[in-house]
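Before any comments, here is the structure.
Note that the coordinates shown come from a computational prediction; the quantities given were computed from them, not determined experimentally. In this chain, residues are counted from 1 in sequence order.
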Amino acid sequence: QAQLVESGGGLVQAGGSLTLSCAASGLLFTSYTMAWFRQAPGKEREIVAGISWWGETTDYADSVKGRFTISRENAKNTVFLQMNNLKPEDTAVYYCAARSGRTVVTGANGYWYWGQGTHVTVSS
């Protein structure tokens, strides 16, 4: 049974930084593309960033380019999202997701496994 567990969310002031972590278990981590999605109240879930098997390919939403960095540590079955220069509009529940294969896709229905989410609140 695959399981993804996020951590690292919290409350931060605008301009601050947070690092989210997602620990995976029950799957062959190096065979999965990983991604971070977020969902704000009243809005659809959207992709924030994705990273392929060995990190050779990354992709970012335009709204976070230059501020967020996705990375993975395959030896620890963990994917990270470093978030800098946070803005109030980054406030959302952030979800870790996994899909088999090496292609980053932007649609949520392309991902097989999901974490429970971690809350990020950015105050102005």
Side-chain angles (χ1 to χ4, degrees):
Q1 181 87 12
Q3 188 174 18
L4 305 177
V5 179
E6 303 99 334
S7 61
L11 173 63
V12 64
Q13 289 188 332
S17 298
L18 280 176
T19 299
L20 306 183
S21 300
C22 170
S25 61
L27 52 79
L28 184 59
F29 190 66
T30 51
S31 294
Y32 284 79
T33 287
M34 303 298 295
W36 288 95
F37 284 76
R38 67 185 180 188
Q39 188 166 18
K43 294 188 176 181
E44 293 187 355
R45 192 171 296 190
E46 62 175 0
I47 192 167
V48 175
I51 187 167
S52 57
W53 291 352
W54 294 93
E56 67 273 24
T57 301
T58 57
D59 197 13
Y60 296 91
D62 288 342
S63 59
V64 306
K65 281 180 181 176
R67 300 188 298 123
F68 290 11
T69 302
I70 188 170
S71 61
R72 63 190 295 162
E73 190 169 348
N74 286 346
K76 295 185 177 181
N77 286 6
T78 302
V79 61
F80 304 95
L81 185 68
Q82 173 69 43
M83 305 185 293
N84 297 326
N85 190 20
L86 283 159
K87 304 176 180 180
E89 51 264 42
D90 294 319
T91 295
V93 179
Y94 283 71
Y95 298 91
C96 176
R99 68 181 301 273
S100 179
R102 66 187 308 167
T103 304
V104 175
V105 300
T106 57
N109 57 9
Y111 290 81
W112 295 11
Y113 302 112
W114 292 84
Q116 80 289 349
T118 186
H119 290 259
V120 172
T121 302
V122 184
S123 63
S124 56

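- The backbone N or O of T103 sits nowhere less than 3.5 Å from a side-chain atom of S52 that would complete a donor-acceptor pair.
- The disulfide bond (SG atoms under 2.5 Å apart) analysis of residues 21-112, with sequence neighbours excluded, yields the pairs C22-C96.
- W112 and L4 end up in the same hydrophobic cluster when Ile, Leu, Val, Met, Phe, Trp and Tyr side chains are linked at under 4.5 Å.
- Annotation: side chain of Y60 is not in contact with side chain of V48 (no heavy-atom distance under 4.5 Å).
- T118 places no side-chain N or O within donor-acceptor distance of the main-chain N or O of E6, the cut-off being under 3.5 Å.
- For E73, the salt bridge (charged side-chain N to carboxylate O under 4.0 Å, His left out) test picks out K76, with sequence neighbours left out.
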Quiz: residues 24-36 side-chain donor-acceptor pairs under 3.5 angstrom, not counting sequence neighbours:
unit_1	atom_1	unit_2	atom_2	d
T33	OG1	G101	O	2.6
W36	NE1	F80	O	3.4

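- Side-chain N or O atoms of R45 include none that pairs as donor or acceptor with a backbone N or O of A40 at under 3.5 Å.
- The salt bridge (charged side-chain N to carboxylate O under 4.0 Å, His left out) contacts involving residues 25-42 comprise R38-E46, R38-D90, where partners must be two or more places apart or lie in separate chains.
- Considering only residues two or more places apart in sequence or on other chains, K65 meets the salt bridge (charged side-chain N to carboxylate O under 4.0 Å, His left out) condition with D62.
- E56 meets the salt bridge (charged side-chain N to carboxylate O under 4.0 Å, His left out) test with R102; sequence neighbours excluded.
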List the steps and the verdict of side-chain contact (heavy atoms from CB on, under 4.5 Å) for M83 and R67. CA-CA 6 Å; M83 305 185 293; R67 300 188 298 123; over 6 Å; no
Only pairs under 3.5 Å count here: list side-chain donor-acceptor contacts from residues 9-21, not counting sequence neighbours, and write none if there are none.
unit_1	atom_1	unit_2	atom_2	d
S17	OG	N84	OD1	3.0
T19	OG1	Q82	OE1	2.4

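- Cluster partners of Y95 are F37, I47, V93, V104, V105, Y111, W114, counting Ile, Leu, Val, Met, Phe, Trp and Tyr whose side-chain heavy atoms approach within less than 4.5 Å, directly or via other members.
- Listed by first and then second residue, the disulfide bond (SG atoms under 2.5 Å apart) pairs that reach into residues 34-90 come to none, sequence neighbours excluded.
- Listed by first and then second residue, the salt bridge (charged side-chain N to carboxylate O under 4.0 Å, His left out) pairs involving residues 11-35 amount to none (not counting sequence neighbours).
- Residue pairs meeting the disulfide bond (SG atoms under 2.5 Å apart) criterion with at least one member in residues 36-78: none, sequence neighbours excluded.
- By the 4.5 Å heavy-atom criterion applied to side chains, T69 and L81 are not counted as neighbours.
- Sorted by first then second residue, the disulfide bond (SG atoms under 2.5 Å apart) pairs that include residues 24-85, not counting sequence neighbours, number zero.
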